[in-house]
J.: 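The following block contains the structure, expressed as structure tokens.
FYI, side chains are in, hydrogens and waters are out, and symmetry mates aren't considered; it's all heavy atoms of this structure. What you see is a predicted model, and the numbers here were worked out from it, not measured in a lab.
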Amino acid sequence: MEHQGQLERRRLTVPDATPLQPPRSDAGVVIRAIIVDDEQLARRGIRARLERAGGYHVVAECASGREAVAAIREHQPGVVFLDVQMPGIDGFGVIDEIGAERMPVVIFVTAFDNHALRAFEAHAFDYLLKPIDDVRFATTIERARHRVVEREESGVARRLAALMNDIRPALGTEQGIARHPDAADAVATPVNRIIVRERDRVLLIDVGDIDWIGADGDYVRIHASGRSHLIRDTMAAMENRLDRGAFVRIHRSTIVNTSRIRELRPYSSREYAVILRDGTRLRLSRRYRERLRNNFGAFL
């Protein structure tokens with residue numbers, strides 16, 4: 001069962017159907033948040049900043065990882081501010097306990113910059129370094145607001161897709177429809193632009209402007225020209241639409257524009273961190289190393 005309690009909105013219930021949420025701008029949405037830090041002063045600082053910013057409701061404060069696990073399960077928040085180093089269960093342990101796929105949007109709070117890469121790989125949305133910079137904080141919580149709304153809308157889309165999959169056979173609407181077994185593997189002609197629909201407009205993104213693409217639930221997120229765009233697609237389909245001489249898949253959830261790669265750094269015995277020109281760090285997994293080797297040689 002999926003919990004859709006991340007946003008404090010009034011729900012409209014259709015008899016004998018899944019509750020549906022009325023479409024609204026995210027400007028008036030109040031995001032439920034949990035603050036996790038073993039230092040009371042740090043928790044107070046985050047709460048004060050959230051209260052000044054508005055749009056967030058702190059439903060719990062936790063001084064330990066164990067308290068955080070219980071609070072996340074109970075309150076189902078949209079965002080959790082999660083300290084990295086805590087006695088007992090640390091921030092990464094909290095994610096292990098809940099499960100990365102069931103975690104809310106995670107903003108790690110840490111005094112140690114070397115935790116940043118590991119935080120992102122643990123599905124963190126973002127991280128804040130102590131002492132917290134007010135401008136950075138404001139930017140992060142605004143991005144978090146949009147992400148929570150996108151997740152909520154994604155959940156509605158998944159329920160609708162499941163409903164259609166259930167009722168189509170009964171209605172006979174799939175009769176005569178067949179999919180070629182090799183359709184997903186066919187190599188299409190590379191596209192020059194990607195179409196992105198954003199509420200009241202349609203954007204055309206030049207493929208050459210794309211830095212990297214990441215999986216985001218049932219969607220993919222395109223990072224281009226300092227912005228990110230969410231589209232309903234799969235990583236396999238996106239990979240098939242791009243020029244494989246210019247883009248390479250380095251992880252099951254990551255495709256990168258090879259012209260944006262600045263350097264590679266050893267991450268473990270057989271894995272690398274791929275660092276882009278703008279400082280973005282991405283993980284090159286062993287499974288996809290051969291693909292990058294085809295572009296840069298046999299030194300990997």
Side-chain angles (χ1 to χ4, degrees), residues 3 5-8 26 29-152 265 267-268 273 275 279-283:
H3 295 280
Q6 295 180 342
L7 309 183
E8 292 188 343
D26 62 347
V29 171
V30 177
I31 308 298
R32 297 159 59 82
I34 288 178
I35 303 170
V36 184
D37 199 303
D38 60 333
E39 298 178 359
Q40 185 179 37
L41 188 60
R43 297 197 303 272
R44 286 179 178 175
I46 294 175
R47 177 185 280 273
R49 287 179 171 87
L50 290 176
E51 290 175 349
R52 287 198 300 267
Y56 280 82
H57 173 53
V58 178
V59 295
E61 290 187 17
C62 306
S64 69
R66 182 60 64 189
E67 289 180 16
V69 170
I72 291 170
R73 287 172 173 166
E74 177 183 356
H75 296 287
Q76 295 293 315
V79 174
V80 58
F81 294 85
L82 188 58
D83 188 17
V84 173
Q85 288 193 320
M86 293 180 292
I89 300 178
D90 65 8
F92 301 113
V94 171
I95 292 180
D96 289 338
E97 286 277 339
I98 298 293
E101 70 284 355
R102 293 186 296 275
M103 282 293 293
V105 172
V106 175
I107 300 173
F108 272 149
V109 182
T110 176
F112 301 94
D113 190 33
N114 59 2
H115 284 288
L117 178 59
R118 190 177 167 201
F120 281 112
E121 290 172 350
H123 299 272
F125 170 75
D126 207 342
Y127 72 101
L128 296 168
L129 290 177
K130 297 178 181 177
I132 295 174
D133 177 79
D134 287 339
V135 174
R136 164 80 171 171
F137 185 88
T139 300
T140 297
I141 63 172
E142 186 61 25
R143 291 180 59 231
R145 171 188 302 281
H146 295 310
R147 175 62 66 87
V148 172
V149 171
E150 288 165 357
R151 276 193 170 189
E152 188 78 1
R265 292 183 184 176
Y267 173 71
S268 64
I275 304 176
T280 299
R281 294 170 178 252
L282 305 170
R283 178 182 173 186

J.: How far does CE of M103 sit from CD1 of I95, to the nearest 0.5 angstrom?
T.: 5.0 Å
J.: So, does R147 use its side chain to make a donor-acceptor pair with the main chain of R143 at under 3.5 Å?
T.: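 Checking the backbone N and O of R143 against the side chain of R147, no donor-acceptor pair under 3.5 Å is found.
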J.: Take the angle between the ring planes of F81 and F137 and call it parallel below 30°, perpendicular above 60°, tilted in between.
T.: parallel
J.: Between R66 (side chain only) and G88 (backbone N and O only), is there a donor and an acceptor less than 3.5 Å apart?
T.: no
J.: Looking at R73, I want to see if its CZ is surrounded by more than 12 non-hydrogen atoms of other residues, nucleotides or ligands under 6.0 Å.
T.: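 Result for CZ/R73: enclosed.
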J.: Would you please name every residue forming a side-chain contact (heavy atoms from CB on, under 4.5 Å) with A144, sequence neighbours left out?
T.: Y56, V79, V105, I107, F125
J.: Quick one: do E97 and I72 satisfy side-chain contact (heavy atoms from CB on, under 4.5 Å)? Show the steps, please.
T.: CA-CA 11 Å; E97 286 277 339; I72 291 170; over 6 Å; no
J.: How close do A63 and R43 get, heavy atom to heavy atom, and via which atoms?
T.: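 Shortest heavy-atom contact: CB-NH1, 3.6 Å.
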J.: Any non-hydrogen side-chain atom of I98 less than 4.5 Å from a side-chain atom of V69?
T.: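 Heavy-atom side-chain distance check passes, below 4.5 Å.
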J.: Find the distance between CG (D83) and CD1 (I35) and round it off to the nearest 0.5 Å.
T.: 12.0 Å
J.: How far does CD1 of I141 sit from CD1 of I31, to the nearest 0.5 angstrom?
T.: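 So the CD1 of I141 and the CD1 of I31 are separated by 10.5 Å.
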J.: Between V36 and S64, which heavy-atom pair has the shortest distance, and what is it?
T.: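 Looking at all heavy atoms of both residues, the closest pair is CG1-O, 3.9 Å.
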J.: As an exercise, state the distance from NZ of K130 to OG1 of T110, rounded to the nearest 0.5 Å.
T.: 7.5 Å
J.: Return yes if some donor-acceptor pair links the side-chain N/O of R49 with the main-chain N/O of A138 below 3.5 Å, else return no.
T.: no
J.: So T140 and L128, side-chain contact (heavy atoms from CB on, under 4.5 Å) or not? Walk me through it.
T.: CA-CA 8 Å; T140 297; L128 296 168; 3.7 Å; yes
J.: First locate atom CG of L82, then atom CZ of F92, and finally report the distance between them rounded to the nearest 0.5 Å.
T.: 8.5 Å
J.: Distance from Q76 atom CD to I34 atom CD1, nearest 0.5 Å?
T.: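 One gets 9.0 Å once the value is rounded to the nearest 0.5 Å.
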J.: Taking all non-hydrogen atoms of both residues into account, name the closest pair between A71 and A60 and its distance.
T.: CB-CB, 4.1 Å
J.: Can you tell whether the side chains of R47 and D37 come within less than 4.0 Å, N to carboxylate O?
T.: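 Salt bridge absent between R47 and D37.
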